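Here the structure is a predicted model, which is why all the values come from computation and not from measurement. Keep in mind that the numbers below use all heavy atoms, side chains included, and drop hydrogens, waters and symmetry copies. We name chains A, B, ... by the order of the sequence lines, and we start the count at 1 in each one.
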Number of protein chains: 2
Amino acid sequence: MPGRPGPRRTLSPETITDAALRLLDESGAEALSMRGIAAAAGVAPNALYTYFPDKAAVVRAVFDRLLGRHGIPPLTGPGRWDERLRGAAVGLREGVLAHPGSAALLMSAPLDGPEALRLGELVLDALAEAGLDRETAARASYSVIVHVLGSIALEAADQGAAPSEAERIGGRRAGLAALPADRYPRTVAAADVIARYNTVEQYLWGLDRLLAGITGG
Amino acid sequence: MPGRPGPRRTLSPETITDAALRLLDESGAEALSMRGIAAAAGVAPNALYTYFPDKAAVVRAVFDRLLGRHGIPPLTGPGRWDERLRGAAVGLREGVLAHPGSAALLMSAPLDGPEALRLGELVLDALAEAGLDRETAARASYSVIVHVLGSIALEAADQGAAPSEAERIGGRRAGLAALPADRYPRTVAAADVIARYNTVEQYLWGLDRLLAGITGG
DNA sequence: GTACAAATTGTACGACGTACAGAAAGGGGG
DNA sequence: CCCCCTTTCTGTACGTCGTACAATTTGTAC
């Protein structure tokens with residue numbers, strides 16, 4: 001099909017998501033407005049509606065590009081399957097957490113974009129290499145993805161929780177640090193234990209336990 | 001301290017979150033606006049700012065009450081520890097998914113409200129009963145909570161993804177159902193496999209694998 | 001009764017998503 | 001070469017949002 005009529009100058013879905021990612025890096029997720037993205041792309045706000053039906057569609061596209069931006073390794077690489085899986089998990093975590101606020105998008109859309117599919121293929125490929133049959137691999141990949149994305153989202157929610165200056169009580173945050181140990185004895189003790197590890201270690205510990213339960217049971 | 005001056009008639013944090021929960025049940029999570037909550041409580045929008053510094057604080061409080069609304073069983077109940085854990089997990093899932101859209105709040109705030117703490121105590125209690133030492137129980141509880149909340153949030157995001165009428169392409173949704181099987185062979189097969197199970201079964205399968213990896217390793 | 005502090009309202013501002021209509025712009029048929 | 005038609009982008013506007021500010025109401029303490 002040769003060129004269609006009309007002026008088709010500046011925009012495309014890619015230039016729009018490019019501008020959105022630039023905005024996300026510079027100003028955080030709460031700045032991801034239609035007007036802001038349009039301004040970053042140098043067009044009027046409504047111009048975006050030629051390429052996306054609404055804001056949710058733009059956000060989904062941006063989220064998918066976020067998933068694929070951080071060097072997910074090829075499907076069949078060298079090294080042991082679990083090492084490849086751990087490496088991809090750590091890379092994804094670092095890439096997402098580098099842009100605080102973007103993690104809020106992680107659980108907000110179905111995982112059906114092209115980059116999300118590439119991620120799914122990677123996980124399934126590694127699990128097949130581990131010797132799982134098709135059914136177990138399918139179920140396991142879902143649980144692995146839940147663990148990876150859920151951990152990242154929860155960690156971001158924890159550290160991104162607006163300290164907000166208005167919610168401090170008596171100078172310290174009304175959170176785990178100020179718990180009544182008599183009412184929540186185990187939780188306080190657990191917070192104490194977990195605080196001794198950095199989060200990436202806890203993240204990989206959970207992933208390893210999950211993989212052990214899948215392959216060993 | 002006897003009564004403070006000023007008229008303190010109608011409101012309190014509880015009446016506000018009550019109104020918000022009523023609104024959430026009737027009109028969904030996207031209707032959770034300050035103005036809407038205030039109207040449901042019968043006051044002017046600004047009245048809420050006497051009790052909460054901003055909307056995010058209201059949402060956090062509502063989210064915490066959501067966590068506790070669905071009959072989380074007492075910390076030390078009858079029955080085997082894993083049965084209690086599974087029961088609480090299923091109950092939480094049903095309760096949250098009954099209000100589509102409210103699941104979007106699940107990963108949006110740190111888990112430090114009173115009901116979130118009660119949930120943490122329940123999990124830790126069950127894990128202690130399983131014979132785990134303090135350190136392992138602490139780490140395991142974090143992973144279990146990630147799995148439970150992450151699964152629910154992802155399921156809600158999948159099914160709540162606005163079909164939106166504008167994003168249908170050729171009459172069918174541009175999603176997993178229309179995948180190019182030559183580019184994503186494993187993913188397509190996995191979607192096929194998982195579709196044969198209802199989600200609660202997959203949810204418990206993942207929980208069981210995780211628990212097996214924790215207690216057996 | 002009078003002064004003061006706290007709770008609630010009235011009003012307003014800026015930003016948001018997006019609908020609608022029009023203007024600019026370029027290719028295809030004559 | 002010119003006209004027409006499709007497509008892209010802009011101008012403008014509407015309703016809603018979160019929330020800041022000042023005024024008003026209301027109760028307690030002296």
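- A salt bridge links B/E115 with B/R118; the closest basic N to acidic carboxylate O contact falls under 4.0 Å.
- With hydrogens and angles disregarded, a donor-acceptor distance shorter than 3.5 Å links the side chain of A/T17 to the backbone of A/E14.
- With hydrogens and angles disregarded, a donor-acceptor distance shorter than 3.5 Å links the side chain of A/Y203 to the backbone of A/A89.
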* Would you check, one step at a time, whether the test side chain to side chain contact (heavy atoms under 4.5 Å, CB included) holds for A/L211 with A/L85? => CA-CA 10 Å; A/L211 292 177; A/L85 210 51; 4.1 Å; yes

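- For the contact set between residues 12-20 of chain A and DNA chain D, defined by any heavy atom under 4.0 Å, there are no members.
- Taking atom CD of A/E30 as the reference point, atom P of C/dA15 lies 15 Å away to the nearest angstrom.
- What separates OH of B/Y51 from P of C/dA6 is a distance of 13 Å, to the nearest Å.
- For the pair A/L11 CG and C/dA25 P, the interatomic distance rounds to 15 Å; values are reported in whole Å.
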* To do: Go through A/R86 and A/D208 one step at a time and tell me if the salt bridge (charged side-chain N to carboxylate O under 4.0 Å, His left out) criterion holds.
  => CA-CA 9 Å; A/R86 291 163 57 103; A/D208 284 343; 2.5 Å; yes

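- For the segment residues 43-50 of chain A, the set of residues with a heavy atom within less than 4.0 Å of an atom of DNA chain D comprises A/V43, A/A44, A/N46, A/A47, A/T50, in numerical order.
- With sequence neighbours excluded, the residues that form a side chain to side chain contact (heavy atoms under 4.5 Å, CB included) with A/T10 are A/V43.
- The distance between atom CE of B/M34 and atom C1' of C/dG10, rounded to the nearest whole Å, is 19 Å.
- Here A/F52 lies out of heavy-atom contact (under 4.0 Å) with every strand.
- Considering only heavy atoms from C-beta on, B/P185 comes within 4.5 Å of A/E121 through its side chain.
- When all heavy atoms are compared, the tightest approach of A/L124 to A/A137 is CD2-O, 3.5 Å.
- Nearest-nucleotide positions on DNA chain C for B/T10 and B/R35 put B/T10 closer to the 5' end.
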